[in-house]
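Quantities reported herein were computed from a predicted structural model and do not represent experimental measurements.
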Amino acid sequence: DLPLPVHKSSSDDESSQNKNDLPLPIHKSSSNDESSQNKNDLPLPVHKSSSNDESALSVEELQILGNITHEERRMDLIKGRNAAKKALCSLGVTGASITRERHGKPCVDVPFMNVSISHKNGVGYSIAWKDRAMRGLDVESIHIDPSVVSEAFTPKDQIDLSDMKEISAAFSLKESYLKAWGTGLFSPLGDVYIVHLDVNKGYARIHGPCGPATGHIQFDEDLSLIHI
């Protein structure tokens with residue numbers, strides 16, 4: 001999870017402060033010691049759906065769907081939304097509408113409820129959480145073509161470029177970070193680098209424009225499921 005921007009006021013009058021002037025918790029850790037992790041550094045459950053049932057979609061979501069002409073992208077949106085609604089349901093939220101912010105970041109119409117969505121091989125994946133922390137999810141094949149992602153890595157990245165699991169996990173970690181930040185691939189992957197990566201323990205440390213973040217790694221058959 002990534003730190004949020006800090007709002008401030010030049011007024012000395014405490015009565016003039018609004019809720020945006022109050023400090024928010026910054027959920028991050030700069031330690032590679034897993035024993036120091038708190039609950040905000042723990043992995044979230046990843047929910048998935050292969051259902052193309054549109055019945056759970058809100059009016060706003062159906063409007064977004066109506067603007068998509070490519071059939072595979074339509075199916076991705078439906079399955080991703082169904083996965084997100086399963087994730088929200090696990091937190092006691094039903095009937096929520098998930099629209100989009102700038103750069104496509106999903107936005108839930110319930111205060112402080114958030115989701116991140118990814119798609120792979122005809123399946124939608126999602127995590128959900130209730131706080132102001134910024135998180136992101138990405139799913140990638142372990143058999144990713146190294147030549148496709150070679151430009152994503154720099155000498156700063158502490159990874160083994162001969163290990164396919166590490167390459168896949170590192171690539172997804174970078175995408176997850178940018179999705180958490182809200183820019184996605186509109187920002188260069190090279191702006192994010194891997195400080196520490198242990199695919200066996202499912203734990204990573206990443207650094208980028210918003211500062212350090214914790215990464216969590218799961219493997220599902222031939223896929224890496226990564227979230228920040």
Side-chain angles (χ1 to χ4, degrees), residues 1-5 26-28 40-49 61 64 68 73 76-88 91 96 98-108 112-121 123-141 144 148-149 151-153 157 159 167-195 197 202-220 223-228:
D1 40 293
L2 302 178
L4 290 166
I26 296 177
H27 302 312
K28 66 179 182 178
N40 295 306
D41 292 320
L42 299 178
L44 297 174
V46 178
H47 298 262
K48 61 182 180 179
S49 174
E61 291 168 317
I64 296 172
I68 301 174
R73 288 186 60 208
D76 280 348
L77 184 139
I78 296 169
K79 293 171 183 179
R81 289 302 190 276
N82 283 333
K85 288 173 190 287
K86 287 175 66 175
L88 288 168
L91 298 178
I98 306 168
T99 55
R100 289 174 170 174
E101 296 180 353
R102 187 184 180 194
H103 300 318
K105 185 175 182 177
C107 177
V108 184
F112 300 110
M113 294 303 307
N114 304 274
V115 297
S116 185
I117 301 171
S118 189
H119 321 88
K120 197 69 182 179
N121 298 340
V123 179
Y125 298 83
S126 182
I127 55 174
W129 66 99
K130 185 179 181 179
D131 58 33
R132 296 289 295 275
M134 295 187 287
R135 306 176 191 269
L137 169 72
D138 189 62
V139 179
E140 188 55 71
S141 170
I144 190 170
V148 174
V149 298
E151 294 183 1
F153 302 118
D157 291 304
I159 62 170
I167 292 173
S168 172
F171 184 76
S172 286
L173 283 163
K174 288 170 176 268
E175 283 212 37
S176 297
Y177 186 105
L178 295 178
K179 289 172 77 172
W181 191 20
T183 64
L185 291 180
F186 286 91
S187 295
L189 288 167
D191 287 353
V192 183
Y193 58 94
I194 313 299
V195 177
L197 173 59
Y203 179 79
R205 295 294 302 159
I206 314 98
H207 201 286
C210 282
T214 303
H216 303 285
I217 306 160
Q218 303 175 42
F219 292 102
D220 182 8
L223 298 177
S224 59
L225 283 60
I226 311 292
H227 79 78
I228 301 299

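The side-chain heavy atoms of Lys48 and Leu225, taken from C-beta on, include no pair separated by under 4.5 Å. His119 places none of its side-chain heavy atoms less than 4.5 Å from the side chain of Val139. Looking only at side-chain heavy atoms (C-beta outward), Trp181 and Val192 stay at 4.5 Å or farther from each other. A heavy-atom distance below 4.5 Å is not found between the side chains of Tyr177 and Asp191. Residues Lys179 and Ser118 have side chains in contact (heavy-atom distance under 4.5 Å, counting atoms from C-beta outward).
A distance of 5.0 Å separates CE of Met113 from CG of Leu88, quoted to the nearest 0.5 Å. The CD atom of Glu61 sits 9.0 Å away from atom CG of Asn82, with the distance rounded to the nearest 0.5 Å. To the nearest 0.5 Å, atoms CD1 (Ile217) and CG (Leu197) are separated by 4.5 Å. Within the model, atoms OG of Ser49 and CZ of Arg81 stand 12.5 Å from one another, a figure rounded to the nearest 0.5 Å.
Taking a 6.0 Å sphere around NZ of Lys105, one finds it holds more than 12 heavy atoms contributed by other residues, nucleotides or ligands. Few gaps surround NZ on Lys120; more than 12 heavy atoms of other groups in view lie less than 6.0 Å from it.
When each of Ser224, Ser116, Ser172 is paired with Asp138, the side chain to side chain donor-acceptor pair (under 3.5 Å) condition holds for Ser172 and for no other.
For Ser176 (side chain) and Ile226 (main-chain N/O), a donor-acceptor pair under 3.5 Å exists by modelled atom type. Panel note: side chain Asn114, backbone Asp131; a donor-acceptor pair is recorded below 3.5 Å.
In this structure, His216 and His227 have tilted ring planes: the angle between them lies in the 30° to 60° band.
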